[in-house]
Amino acid sequence: MERRPLIAGNWKMNLSLRDAISLAKDIVTGILDIEDRDVLIAPPFPFLYPINKAIEGSKLFLGAQNMHWEEGGAFTGEVSGLMIRDVGCTHVIIGHSERRIIFKETDEMIAKKVKKAIDLGLYPILCVGERLEEREDGKTFEVVKNQLEGGLSLIDEIPDTFIIAYEPVWAIGTGHTATPSQAQEVHSFIRKWIEERYGKEKASFIRILYGGSVKPENIKELMAEEDIDGALVGGASLKVDSFLKIVRF
Ligand code: 13P
């Protein structure tokens with residue numbers, strides 16, 4: 001089964017409103033002739049609404065970088081899935097390693113977010129990935145399996161639109177991309193895990209993205225791997241030239 005590639009830009013906590021809108025518009029123009037793949041941006045929360053207006057009618061997808069698991073209430077500083085859906089998001093990144101490590105998100109919290117996102121009709125991008133010391137200890141598969149089991153513990157069926165991103169922590173923002181075979185090994189492990197749990201057909205639909213120092217120079221060889229269906233790009237998604245080169249791998 002041919003899975004449609006998805007290139008997603010995670011802008012993290014970067015850019016001014018003006019630069020964010022202009023980058024989004026430049027991406028819209030840059031992908032006008034592209035038909036065979038999906039492109040998504042995940043700007044910071046305050047920019048979602050104006051960017052949704054700026055890209056209206058285009059085929060660029062809009063995602064948020066996080067959401068809370070409740071629809072509303074006394075959760076100072078948090079943003080709900082209802083709110084991000086309201087401002088035009090179709091996708092939401094959940095369980096990014098920066099959320100797990102810096103903001104102490106647990107698999108239980110991530111599982112509640114995944115469930116709420118699906119209930120609200122949002123497409124989750126669930127991030128998993130091991131730290132350097134875990135890889136060195138030979139625990140990569142164990143860590144990834146635990147994160148998958150934890151993050152999906154509250155749902156019985158995953159929708160075909162569910163997206164998983166494998167982002168080895170040691171490759172994020174370091175310039176040390178996983179080699180295509182290192183990434184493929186884990187992607188294939190993830191697909192087998194989905195197959196065992198949800199069946200072969202489901203496993204053939206689910207897109208698994210690679211993230212961690214993706215650049216125009218390494219995207220082609222990563223995408224050549226059988227189980228790598230796209231990329232979640234950080235730093236290189238902040239400049240239109242490098243992002244579009246990645247999109248056009
Ligand atoms: P970099 O591409 O900057 O390494 O970031 C990857 C990432 O964390 C995307 O979510």
Side-chain angles (χ1 to χ4, degrees), residues 5-15 19-20 23-24 27 37-45 47-48 60-67 84 89-105 110 113-114 117 122-132 134-135 140 143-144 147-148 151 162-180 182-183 186-187 190 207-223 225 228-249:
L6 166 63
I7 304 294
N10 174 9
W11 292 1
K12 307 193 180 182
M13 196 172 73
N14 290 298
L15 303 174
D19 290 347
L23 175 57
I27 294 169
R37 59 201 67 182
D38 294 332
V39 184
L40 174 142
I41 52 170
F45 286 134
F47 304 161
L48 290 172
L60 178 59
F61 289 101
L62 188 63
Q65 299 172 18
N66 181 28
M67 57 172 265
I84 60 170
C89 290
T90 47
H91 294 69
V92 57
I93 299 171
I94 296 179
H96 191 279
S97 63
E98 286 148 20
R99 302 289 327 159
R100 294 176 188 263
I101 295 168
I102 307 171
F103 299 101
K104 312 287 180 235
E105 280 192 18
I110 290 162
K113 293 178 181 204
V114 165
L122 289 161
Y123 306 153
I125 303 173
L126 173 64
C127 301
V128 297
E130 80 289 359
R131 300 185 196 214
L132 183 59
E134 293 164 335
R135 173 162 282 264
T140 298
V143 169
V144 168
Q147 290 171 336
L148 291 170
F162 198 89
I163 299 159
I164 293 171
Y166 169 57
E167 298 207 307
V169 178
W170 48 271
I172 296 179
T174 58
H176 300 300
T177 324
T179 64
Q182 276 175 324
V186 182
H187 280 235
I190 294 171
R207 288 183 288 187
I208 308 173
L209 313 182
Y210 168 78
S213 298
V214 172
K215 300 178 270 246
E217 297 76 36
N218 56 32
I219 183 69
K220 206 177 172 69
E221 52 179 19
L222 287 162
M223 291 304 293
E225 296 291 340
I228 301 183
D229 306 315
L232 185 52
V233 188
S237 73
L238 296 170
K239 292 264 187 304
V240 69
D241 289 354
S242 53
F243 188 60
L244 288 178
K245 277 187 193 148
I246 293 171
V247 167
R248 291 176 180 279
F249 61 88

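Both counts, for ligands and for their atoms, begin at 1 and track the order of listing.
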Visitor: Among residues at least two apart in sequence or on other chains, which ones pass side chain to side chain donor-acceptor pair (under 3.5 Å) with Lys12?
Guide: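 Scan of Lys12 (side chain to side chain donor-acceptor pair (under 3.5 Å), adjacent residues dropped) gives Glu98.
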
Visitor: Only heavy atoms of Gly212, strictly under 4.0 Å: list the atoms of ligand 1 that pass.
Guide: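 Ligand 1 atoms under the 4.0 Å threshold to Gly212: 4 (O), 6 (C).
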
Visitor: With side chains defined as the heavy atoms from C-beta onward, is the minimum distance between Ile41 and Leu62 less than 4.5 Å?
Guide: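 The answer is yes; the side chains approach within 4.5 Å.
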
Visitor: Could you tell me if the side chain of Val186 sits less than 4.5 Å from the side chain of Tyr210, heavy atoms only?
Guide: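 The answer is no; the side chains never approach within 4.5 Å.
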
Visitor: Report yes or no: does Gly211 have a heavy atom closer than 4.0 Å to ligand 1?
Guide: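 No, Gly211 has no heavy atoms under 4.0 Å from ligand 1.
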
Visitor: Examine Thr174 against ligand 1 and note whether any of their N/O atoms are separated by less than 3.5 Å.
Guide: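 For ligand 1, there is no N or O atom that lies under 3.5 Å from one belonging to Thr174.
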
Visitor: With no hydrogens and no angle check, just 3.5 Å: does a side-chain donor-acceptor pair link Glu167 and His96?
Guide: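 A donor-acceptor contact under 3.5 Å links the two side chains.
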
Visitor: Among all the protein's non-hydrogen atoms, which is closest to atom 5 (O) of ligand 1, and how far away is it?
Guide: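 Looking only at protein heavy atoms, the one closest to atom 5 (O) of ligand 1 is Lys12 NZ, 3.3 Å.
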
Visitor: State whether the side chain of Gln147 and the backbone N or O of Gly129 hold a donor-acceptor pair below 3.5 Å, judged by distance alone.
Guide: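 Checked: pair present.
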
Visitor: At a 4.0 Å cut-off, with the gap strictly under it, does some heavy atom of Ala171 reach an atom of ligand 1?
Guide: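 The answer is yes: ligand 1 sits under 4.0 Å from a heavy atom of Ala171.
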
Visitor: Would Arg207 count as a cation-pi partner of Tyr123, with NZ or CZ less than 6.0 Å from the six-membered ring centre and within 45° of the ring normal?
Guide: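 No; the conditions do not both hold, so Arg207 does not lie above the ring face of Tyr123.
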
Visitor: In the protein, which heavy atom is nearest to atom 7 (C) of ligand 1, and how far is it?
Guide: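 Ranking protein heavy atoms by distance from atom 7 (C) of ligand 1, first comes Glu167 OE2, 3.2 Å.
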
Visitor: Report the nearest protein non-hydrogen atom to atom 3 (O) of ligand 1: residue, atom name, distance rounded to 0.1 Å.
Guide: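 For this ligand atom, the closest protein heavy atom is Gly235 N, 2.8 Å.
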
Visitor: Taking both backbone and side-chain atoms of Asn10, is any N or O found less than 3.5 Å from an N or O belonging to ligand 1?
Guide: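 Yes, there is a polar N/O contact under 3.5 Å.
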
Visitor: State, with a plain yes or no, whether a side-chain heavy atom of Glu130 is found less than 4.5 Å away from one of Tyr166.
Guide: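 Yes, at least one pair of side-chain atoms sits under 4.5 Å.
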
Visitor: At less than 4.0 angstrom from any non-hydrogen atom of Ser213, what atoms of ligand 1 do you find?
Guide: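 The list of qualifying atoms is 1 (P), 2 (O), 4 (O).
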
Visitor: Among all the protein's non-hydrogen atoms, which is closest to atom 2 (O) of ligand 1, and how far away is it?
Guide: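 Nearest neighbour among protein heavy atoms for atom 2 (O) of ligand 1, to 0.1 Å: Gly234 N, 2.9 Å.
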
